[in-house]
Amino acid sequence: MGNKAFSYFLPRLCVILFVILCVGLLACNTPEGDPDTWDTARPLHDIYRNNFLVGNIVRDTNCFNHATRSGILRRHYNTVTAENHMKPDFIAPSSRPANDTWVYRFSSADTIVNAALNAGMKVVGHTLVWHSQTPAWLTRQNNGSPLDKDTALANLEKYVTEVVTHFKGRLIEWDVANEIFRDGLSGTDTIDWRNALRMNDSGWNTAIGPEYVELAFYYARLADPEVKLIYNDYSLNNEFKARAVYNMVKDINARYPNVMGRPLIDGIGMQSHHRIFTIPRSVEDSIVLFSSLGVEIAITELDITAAGRLLDQSNPPPWNETAAQRQAEQYAAMFKIFLKYQSHINRVTFWGLDDGTHWRTLDGSGAHGTLLDRNFNLKPAFFAVMNPYGF
Ligand code: G3I
């Protein structure tokens with residue numbers, strides 16, 4: 001081979017080597033394959049498999065029959081919470097039962113729970129005792145005044161026992177009590193947690209008094225000693241609400257240190273309905289506070305409002321690229337905190353599969369709070385959650 005052949009082949013060889021190098025580099029940058037769509041991106045639950053469970057909610061009973069929704073759920077999440085179908089409003093008899101045999105409406109919840117279990121997912125029960133989405137007859141007379149204490153106590157015991165028994169062996173956790181504390185607490189309100197409870201808007205507290213909280217946990221433990229029992233609330237990055245929850249869990253677990261082998265309350269659920277303005281440090285402070293109780297922490301309802309009237313009533317910021325970027329940065333900031341405290345956090349559940357079905361979209365506030373847009377495209381927030389440190 002002479003100089004001529006050499007000068008013919010060398011440049012071509014260089015081009016071929018260059019192309020191979022480029023393809024190799026590209027492949028290295030995307031080891032999970034093309035991350036542009038929900039069905040090719042690396043599963044979120046796999047990314048966090050050594051850290052915590054990653055969950056989302058099921059809105060409709062037929063969710064597992066919907067090709068896309070079911071596909072997204074199965075690919076990216078390993079834990080499911082029913083958005084509404086396990087609440088007392090959906091499960092308890094809708095009107096006052098005539099006798100001791102209560103006819104529950106379990107079929108929708110059972111459909112969701114069994115479909116999730118068949119898909120190999122874990123299931124969280126949400127929720128047993130709440131001031132909202134609860135039939136009035138459980139705590140009130142027909143004229144609206146509170147039931148006498150004994151009747152309300154009997155209702156509480158029967159409802160909690162029978163519902164927990166029905167789902168026994170199928171759930172990993174129950175949000176036993178939800179949102180028992182009122183908003184706008186001050187430091188003095190929280191010294192005795194009982195003074196921080198919702199008053200007139202809580203049927204259970206009005207009829208029974210503060211002991212309804214520990215009794216709900218107690219009946220749940222007796223009915224299913226295996227399932228973890230969680231206290232769940234929003235705005236737990238508010239220092240006063242966090243202090244009320246801390247004092248309540250500390251007090252109840254001190255008085256019930258060993259109910260069927262362990263303290264009565266297993267964990268605290270931080271709902272985490274955040275905004276792009278939420279100060280991440282406030283979230284971290286509450287995680288540190290709750291960790292000191294030795295209970296586990298679950299992030300139970302994560303979403304981040306990035307636009308709309310919730311951020312500014314008179315001048316709602318629009319959903320645009322800037323909002324998407326800020327939302328992604330906020331998700332990244334939250335996940336860095338969750339990773340930092342991963343030894344205390346057992347689960348991170350998002351409250352919404354996509355912006356189209358997100359509760360804050362349906363209530364008209366235009367929050368765009370989830371990881372996928374209404375056409376199931378991955379938003380910058382999704383990539384932030386995939387890789388919070390690299391985002
Ligand atoms: O079931 C009725 C249906 O019969 C009726 O046709 C329809 C018409 O609006 O309303 C249906 O009820 C709605 C229900 O969701 C089921 O879709 C209610 O109006 C609606 O208010 C209710 O909203 C739910 C809300 O809890 C109720 O408080 C949201 O979907 C759900 O995301 C939200 O979830 C709560 C958590 O449980 C606790 N933490 C806060 C979180 C967000 O608010």
Side-chain angles (χ1 to χ4, degrees), residues 55-63 66 69 73 77 79-95 104-109 111-113 123-136 138 163 171 173-183 198 201-204 213 216 229-238 241-242 244-245 267-275 278 283 286 297-306 308-310 347-372 374:
N56 212 312
I57 52 175
V58 171
R59 182 168 185 80
D60 302 309
T61 33
N62 68 356
C63 173
H66 184 287
R69 294 216 168 79
L73 255 185
Y77 304 99
T79 311
V80 154
T81 307
E83 184 176 7
N84 287 297
H85 288 91
M86 293 174 83
K87 294 172 178 174
D89 229 7
F90 283 74
I91 280 181
S94 48
S95 55
Y104 292 92
R105 296 165 293 154
F106 284 128
S107 70
S108 297
T111 301
I112 292 172
V113 171
V123 188
V124 176
H126 175 80
T127 177
L128 293 168
V129 170
W130 195 15
H131 65 284
S132 175
Q133 285 190 287
T134 300
L138 277 162
V163 172
L171 310 182
E173 311 187 327
W174 261 111
D175 292 335
V176 175
N178 193 42
E179 304 173 3
I180 65 173
F181 294 108
R182 60 180 188 274
D183 295 316
R198 287 175 190 276
D201 62 339
S202 165
W204 292 115
V213 182
L229 305 181
I230 303 295
Y231 175 69
N232 192 48
D233 211 334
Y234 61 88
S235 297
L236 291 191
N237 59 318
N238 172 295
K241 208 158 186 197
V245 170
I268 295 173
M270 301 177 72
Q271 291 187 4
S272 311
H273 296 292
H274 292 307
R275 298 163 192 225
T278 301
V283 174
S286 292
I297 295 169
I299 306 299
T300 53
E301 305 184 13
L302 178 61
D303 54 24
I304 297 178
T305 293
R309 62 180 163 78
L310 272 172
R347 167 171 64 97
V348 177
T349 289
F350 296 85
W351 203 250
L353 215 51
D354 64 284
D355 284 350
T357 54
H358 185 225
W359 67 289
R360 285 213 195 276
T361 302
L362 299 172
D363 77 7
S365 51
H368 293 267
T370 76
L371 305 184
L372 274 67
R374 57 174 57 247

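FYI, side chains are in, hydrogens and waters are out, and symmetry mates aren't considered; it's all heavy atoms of this structure. All of these numbers come straight from a predicted model, not from anything done at the bench. Counting convention: from 1, in listed order, for ligands and their atoms alike.
Residue contacts with ligand 1 include R59, since one or more of its heavy atoms lies under 4.0 Å from the ligand.
Protein heavy atom nearest atom 25 (C) of ligand 1, with residue, atom name and distance: Q133 OE1, 3.8 Å. Among protein heavy atoms, the minimum distance from atom 24 (C) of ligand 1 is reached at N84 OD1, 3.4 Å. The closest protein non-hydrogen atom to atom 36 (C) of ligand 1 is H126 NE2, 3.4 Å. Nearest to atom 41 (C) of ligand 1 among the protein's heavy atoms is E301 OE1, 3.3 Å. Annotation: atom 43 (O) of ligand 1 to nearest protein heavy atom, W359 CZ3, 3.2 Å. The nearest protein atom to atom 33 (C) of ligand 1, hydrogens excluded, is given as K87 NZ, 3.6 Å; this is a heavy-atom distance. The protein heavy-atom contact nearest to atom 31 (C) of ligand 1 is E83 OE2, 3.4 Å.
Of the candidates N232, T300, T127, D233, N232 is the only one forming a side chain to side chain donor-acceptor pair (under 3.5 Å) with N178.
Shown here, atom 27 (C) of ligand 1 is in close reach of the protein: a heavy atom of it lies under 4.0 Å off. Within a 4.0 Å radius of atom 4 (O) of ligand 1, the protein has no heavy atom. Within a 4.0 Å radius of atom 21 (O) of ligand 1, the protein contributes no heavy atom.
Under the 3.5 Å distance criterion, the side-chain polar atoms of T361 are left unmatched by any main-chain donor or acceptor of T357.
Note: no N/O pair closer than 3.5 Å links N178 and ligand 1 by distance alone.
Residues passing the side-chain hydrogen bond (donor to acceptor under 3.5 Å, both in side chains) test with R182, sequence neighbours excluded: none.
Here is the list of ligand 1 atoms found below 4.0 Å of a heavy atom in H273: 40 (C), 41 (C).
Side chains of D60 and H66: no donor on one and acceptor on the other come within 3.5 Å.
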